[in-house]
Amino acid sequence: KQWYQRRVHGTLRNVIGTKCLAQVLSEREQISHYMETTLDEATDPWGVKVERVEIKDVRLPVQLQRAMAAEAEATREARAKVIAAEGEENASVALRSASDIITGNPAAMQLRYLQTLSSISAEKNSTIIFPVPMDILSAFARNRVRSVGVCSLPCS
């Protein structure tokens, strides 16, 4: 009986030693069948018939479980970074397309600007500083000076 147990343990170590962990976990039935035929061939001369071999449970050391969990977490984080980068790339392409459209039509830029101001004012009751280009202000200032009749520049 001890010889047979040693033979079973040796066969199990030899078979599982040739497989990676993923194969051991996913191909338990095939490994069991291979072990059954191997053991049956070894015990057949003594009239012992191996009826069934099953690998019911695979126990992993805690340290290996932690290492596998860390590897899986690193893989998930790497995939998340790739997905985020792809999202940023798609957003930049969409922004470039939008900027090309807006650049072609100055009125579209002004409408977008006003839409942004409207959305800012709708979010919170706050003061909005509305920048006005200096060339517009200088045009108003020139018209006002002419209408008043005062010339702040050296008149000739």
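Reckoned from all heavy atoms, side chains included, excluding hydrogens, waters and symmetry mates.
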Within this structure, what is the CG-OG1 distance for the pair Leu111 and Thr116, rounded to the nearest 0.5 Å? 10.5 Å

Side-chain touch Leu64/Pro61, heavy atoms, less than 4.5 angstrom: yes

Verdict with supporting geometry, Gln115 and Arg112, side chain to side chain donor-acceptor pair (under 3.5 Å): CA-CA 5 Å; Gln115 181 185 19; Arg112 180 65 184 131; 3.0 Å; yes

Suppose we screen for salt bridge (charged side-chain N to carboxylate O under 4.0 Å, His left out). Which residues come up paired with Arg96, at least two apart in sequence or across chains? none

Restricting to pairs with a member in residues 20-41, which pass side-chain hydrogen bond (donor to acceptor under 3.5 Å, both in side chains), not counting sequence neighbours? Asp40-Lys49

Separation between CG of Asn105 and CD of Gln110, rounded to the nearest 0.5 Å: 11.5 Å

Tell me the side-chain hydrogen bond (donor to acceptor under 3.5 Å, both in side chains) pairs involving residues 71-91, sequence neighbours left out? Glu73-Arg76

